[in-house]
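Take a look at the structure below.
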2 protein chains.
Amino acid sequence: MLTLAEENHLKAILSISLINPKKITTNAIAKEISISPASVSDMLKKLLEKKLIKYEKYQGVLLSKKGLTLATNILRKHRLWECFLVNKLKFDWAEVHDIAEQLEHIRSVKLIDKLDSYLNFPKYDPHGEPIPSKNGEFPKNKYTPLNKLCAGEKGKVMGVTIDEKSFLDYLTKLNINIGTNLHVLDIIIFDNSINVLIDDERTHISNDVAKHLLINKL
Amino acid sequence: MLTLAEENHLKAILSISLINPKKITTNAIAKEISISPASVSDMLKKLLEKKLIKYEKYQGVLLSKKGLTLATNILRKHRLWECFLVNKLKFDWAEVHDIAEQLEHIRSVKLIDKLDSYLNFPKYDPHGEPIPSKNGEFPKNKYTPLNKLCAGEKGKVMGVTIDEKSFLDYLTKLNINIGTNLHVLDIIIFDNSINVLIDDERTHISNDVAKHLLINKL
DNA sequence: TATTTTTTTTAGACATATCTAAATTCTTTT
DNA sequence: AAAAGAATTTAGATATGTCTAAAAAAAATA
């Protein structure tokens, strides 16, 4: 069984490698969880002993298969709890992270299974991040959230990652449906909102909306 | 801010004093949280320094006002989470304790406020225990859960502590309503179920049902 | 390539929370 | 009231997880 500190280190390694899938440095982990590199170094020894990482002194670190499984499960729990906080308790998506950071360490397989089912097996968390399945698979990012497209790119709407009436109503109003073709004209850096062309009509879409639209890029 | 160990000690002291409101012994606390009396002794020093308890060496311990507030809040969180687990996630009431024991330590006032509201401000947990209010007051036990009555006692149904359709439907079937007069004939020790007289008719009520019926004893 | 800078690790310290064994204090019994 | 027994505390040890400062290794630069 993992201690809290071990879990936090594993999750940090996973988080970093999701952005940049190279060997992870001690410094990067230290920064991620706000502790000293020396402490990370200590912990890496411990995680190596437990065979949760692949690690050679001075050479950076990778998760082992076992470590990856465990870390992915923590991420899964984090994201499911975020869904609960936002979708059920009506938290603002910006305020849930710290609470989910605590909840992710609750130990009970049954709890997470039931929570998953209670939330209707969501595939994305309130920030649009994919939720790994029980066996550690990330939903295939076959489709790209609209907010990840660049200016000039075109694509077709293939789905949404939220199923609230108000959201879907709004999409209808914007003339967006499954199958709608989009052309990203430009992205406003200030608020990450987007100007798109829908059926030759120029429309402005907020980042909040864009991140929940799954696009099949052309 | 309290550490996990401090929270557990405070909660143990509160739990014991709810059953027997005398000075609490070191041994009793040790037994409650399954650690050695020596460790408890150490912790008591620490809690005294933080003014969370009233304590003199060898003389037992009481919660201070501050300690009582904090301990009550932990109990409140524990019982609210139990409601969530049973009422929303459909856990069996017997399996929620260990999970709630973890959840009770999650730190976020807003989370508990929202959870309380999401659960419709329950007054009793799934075991029929009262849930302290935000400001630490226990719901006045003006009424007694039916499962706490003894053989021979009589009373009137004043309310229920659960509002599920299936439960209420069942009560109707049993001819039980607000205002119904009951007479407890005997209690079956094996499963804590009860034989009662309702309108001169003999009825058998399970413990699960009885604990959710609030009785005004005659 | 030699030197400097940065990164990483080691060494040694400290706080928390636990333990066992021994000493102390309180309680009960005779 | 003294002795025996029980409860409590103290003393000293251990594990975890953190730190800072110093040493070692790797990377960058001159």
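Lettering follows sequence order; numbering is per chain, from 1. As the structure is a prediction and not an experimental result, all values here were calculated from the model.
Between B/Glu95 and A/Lys110, at least one side-chain nitrogen of the basic residue sits less than 4.0 Å from a carboxylate oxygen of the acidic one, meeting the salt-bridge criterion. Taking 4.0 Å as the cut-off between side-chain N and carboxylate O, A/Lys134 and A/Asp113 count as a salt-bridged pair. With respect to the salt-bridge test (charged N to carboxylate O, under 4.0 angstrom), the residues B/Glu32 and B/Lys11 do not qualify.
Using a 3.5 Å distance cut-off with no hydrogens or angles, the side chains of B/Ser36 and B/Ser39 do pair a donor with an acceptor. Defined by atom type and a distance below 3.5 Å, a donor-acceptor pair is present between the side-chain atoms of A/Asp191 and A/Ser193.
In this entry the distance linking CG of A/Leu44 with C1' of D/dT18 reads 14 Å, nearest Å. For A/Leu4 and C/dT16, the CG to P distance is 17 Å, given to the nearest whole Å. If you measure from atom CG of A/Asp42 to atom P of C/dC14, you get 17 Å, rounded to the nearest angstrom. In this structure, B/Lys23 places its NZ atom 14 Å from C1' of C/dC26, rounding to the nearest Å. As rounded to whole Å, 20 Å separates atom P of D/dT14 from atom CD1 of B/Ile35. For the pair B/Asn27 CG and C/dC26 P, the interatomic distance rounds to 16 Å; values are reported in whole Å. Separating the NZ atom of B/Lys45 from the C1' atom of D/dT8 is a distance of 11 Å, rounded to the nearest angstrom. In this structure, A/Lys31 atom NZ and C/dT8 atom P are separated by 10 Å, rounded to whole Å.
Of the candidates C/dC19, D/dT18, C/dT9, the closest approach to any side-chain atom of A/Ser41 belongs to C/dT9. Set against D/dT18, C/dC19, C/dT8, the side chain of A/Thr26 has C/dT8 as its closest nucleotide. In the set D/dT18, C/dT10, D/dT10, D/dT18 carries the atom at the smallest distance from any side-chain atom of A/Ala5.
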**Complete:** In 5'-to-3' order, the base (B), backbone-only (S) or no-contact (-) status of each nucleotide in nucleotides 20-28 of chain D, using a 4.0 angstrom heavy-atom cut-off, is BB--BSS--

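The phosphate of D/dT8 (OP1 or OP2) has no side-chain N or O of B/Tyr55 nearer than 4.0 angstrom. For the pair A/Thr25 and C/dT7, the criterion of a side-chain N or O lying under 4.0 Å from OP1 or OP2 is not met.
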**Chi angles and distances behind the side-chain contact (heavy atoms from CB on, under 4.5 Å) call for B/Asn147, B/His212** = CA-CA 8 Å; B/Asn147 63 330; B/His212 290 301; over 6 Å; no

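Nearest heavy atoms, B/Glu82 versus B/Ala100: CG-CB, 3.5 Å.
Comparing B/Val40 and A/Ser34 by the nucleotide of DNA chain D whose heavy atom lies nearest to each, the residue mapping closer to the 5' end is B/Val40.
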